[in-house]
Amino acid sequence: MEEKSIKLKGHTASIFTLAYSPDGKYLVSGSHDGTIWIWDLQVSEGRIQVPEGRVQNGTLKIRKGHISSINTLAYSPDGKYLASGSRDKTIRIWNIHDGTVKILEGHTDPTRPLTRPPDGRYPASGSDDGIIRIWNFQAPEGRIQNKNEPVKTLEGHTDSIFTLVYSPDGRYLASGSGDKTIRIWDLQVPEGRIQVRSERAVKILKGHTNWICTLAYSPDGRYLSSGSDDETIRVWDFETQETIQLISEPHNIINRLVYSPDGKYLASGGSDTIIRIR
């Protein structure tokens, strides 16, 4: 297969995060330069192309407002809104079409991961302050209906939150931290509000000997995989909370894990520049 690529230029500093829109038409990038670029892409005959003559450098819009690095990006399921988290300790919810923005404040340290449940209503954010905040993200009639305060704060980690992931059914939220633990929070949504069922419902998974960098649920929710700075991957049985598989990758920090849609394969990417599919 002939390898072809395109280069999208515009940022003036390192790019920390990328996100595709749900329809695949746009690629969004966040950078250390504090800007978000939305790139207009087209797919023709299996190839991604930047429409020539439509927008300079292929970019559609540039979003400015954060006063520090953009660490994380997440789209709403309908593609109308984009959430961004920054080292400036804020989250911004952007209306993609008109550029209006809602600023969510509460974290006392830089915001790192953002994740959304399957229905997209309650995105969760984690920070270097060790606290998880869950926000109400509903957009009836095309408007953002958010308060500045989070719906719920989850406390327990004693170090930075590096990764967050909802279970496929949206009931559980898993978090990975610099404190070397994974916490699984049991959530329920009575009358449209998220609540932690009880402190006993928080499961703590221990085994890694360094930071938890990435988490991934299998599509059926039976397994949770974790990648760490300790150069290992652990596959946990969700019900028993036991490690059922330990994969050692010497000299390789595991930065990213993702399951295939059918759950048969687990892909990993790390500091050794190699992608492995198991």
Side-chain angles (χ1 to χ4, degrees), residues 3-21 24-41 48 50 55-75 81-94 96 99 101 103-105 107-116 123-130 159-165 175-178 210-216 227-231 249 251-258 267-276:
E3 294 186 1
K4 293 183 180 293
S5 65
I6 58 173
K7 295 181 180 180
L8 305 177
K9 298 181 179 181
H11 285 294
T12 58
S14 300
I15 296 169
F16 287 157
T17 180
L18 296 169
Y20 271 103
S21 62
K25 293 181 179 179
Y26 305 102
L27 178 67
V28 183
S29 55
S31 168
H32 185 66
D33 63 17
T35 65
I36 300 166
W37 291 58
I38 304 173
W39 305 90
D40 186 358
L41 305 177
I48 295 178
V50 178
V55 187
Q56 185 178 5
N57 292 332
T59 185
L60 181 64
K61 297 173 184 175
I62 302 172
R63 298 298 184 215
K64 298 180 180 180
H66 285 294
I67 59 174
S68 191
S69 305
I70 311 300
N71 291 338
T72 183
L73 296 166
Y75 262 100
Y81 300 95
L82 178 72
S84 58
S86 169
R87 286 190 60 82
D88 66 11
K89 308 175 188 178
T90 69
I91 296 166
R92 291 174 180 253
I93 308 293
W94 307 85
I96 292 296
V101 62
I103 302 174
L104 307 180
E105 297 177 305
H107 286 296
T108 58
D109 282 298
T111 304
R112 289 184 181 271
L114 272 171
T115 189
R116 60 176 177 79
S125 60
S127 168
D128 284 351
D129 60 16
D159 206 330
S160 302
I161 310 294
F162 290 122
T163 180
L164 293 169
V165 62
S175 55
S177 169
N210 214 326
W211 299 349
I212 314 298
C213 301
T214 180
L215 295 169
S228 171
D229 204 51
D230 66 9
E231 304 175 355
E249 293 189 3
H251 313 297
N252 183 29
I253 297 170
I254 313 302
N255 293 321
R256 181 65 172 166
L257 292 172
V258 62
S268 64
S271 59
D272 65 356
T273 72
I274 298 172
I275 297 171
R276 293 177 171 83

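Note that the structure is a prediction, hence the values are computed from the model and not measured.
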side-chain hydrogen bond (donor to acceptor under 3.5 Å, both in side chains) filter on Ser125, not counting sequence neighbours, yields His107, Trp135

Distance col, row Asp159:CG vs Asp129:CG, nearest 0.5 angstrom, shows 11.0 Å

key: Side-chain touch Ser228/Ile254, heavy atoms, less than 4.5 angstrom   = no

*asked:* Whether the side chain of Thr12 engages the backbone of Asp33 through a donor-acceptor N/O pair (distance < 3.5 Å, no angle test) should be reported.
replied: no

Residues Ser86 and Ser69: closest non-hydrogen pair is OG-O, 2.8 Å

Shortest non-hydrogen pair, Ser160 vs Ser177, comes out as O-OG, 2.9 Å

For Thr72, the side-chain hydrogen bond (donor to acceptor under 3.5 Å, both in side chains) test, sequence neighbours excluded, returns none

Those residues at least two apart in sequence (or on a different chain) that pass side-chain hydrogen bond (donor to acceptor under 3.5 Å, both in side chains) with Ser84 are His66, Trp94

Applying side-chain hydrogen bond (donor to acceptor under 3.5 Å, both in side chains) to Thr115 and not counting sequence neighbours gives none

d(Ile36 CD1, Leu73 CG) to nearest 0.5 Å is 5.5 Å

Checklist entry - Does Ser31 reach the main-chain N or O of Ser14 with its side chain, forming a donor-acceptor pair under 3.5 Å? => result yes

Sorted by chain and number, sequence neighbours left out, salt bridge (Lys or Arg N to Asp or Glu O under 4.0 Å) with Asp272 holds for Arg276

Exercise. Could you give me the CA-CA distance, side-chain angles and deciding distance for Leu164 and Ser175, then say whether side-chain contact (heavy atoms from CB on, under 4.5 Å) is met?
Key: CA-CA 5 Å; Leu164 293 169; Ser175 55; 3.5 Å; yes

d(His32 NE2, Arg87 CZ) to nearest 0.5 Å is 8.5 Å

Separation between OH (Tyr75) and OG (Ser21), nearest 0.5 Å, reads 4.5 Å

Tightest non-hydrogen contact, residues Ala74 and Leu114, listed as CB-CB, 4.3 Å

Check your understanding: Sub-3.5 Å donor-acceptor pair from the side chain of Thr214 to the main-chain atoms of Gly227, do we have one?
Key -> no

inquiry  = Counting C-beta onward and ignoring hydrogens, is there a side-chain heavy-atom pair between Phe162 and Cys213 closer than 4.5 Å?
reply    = no

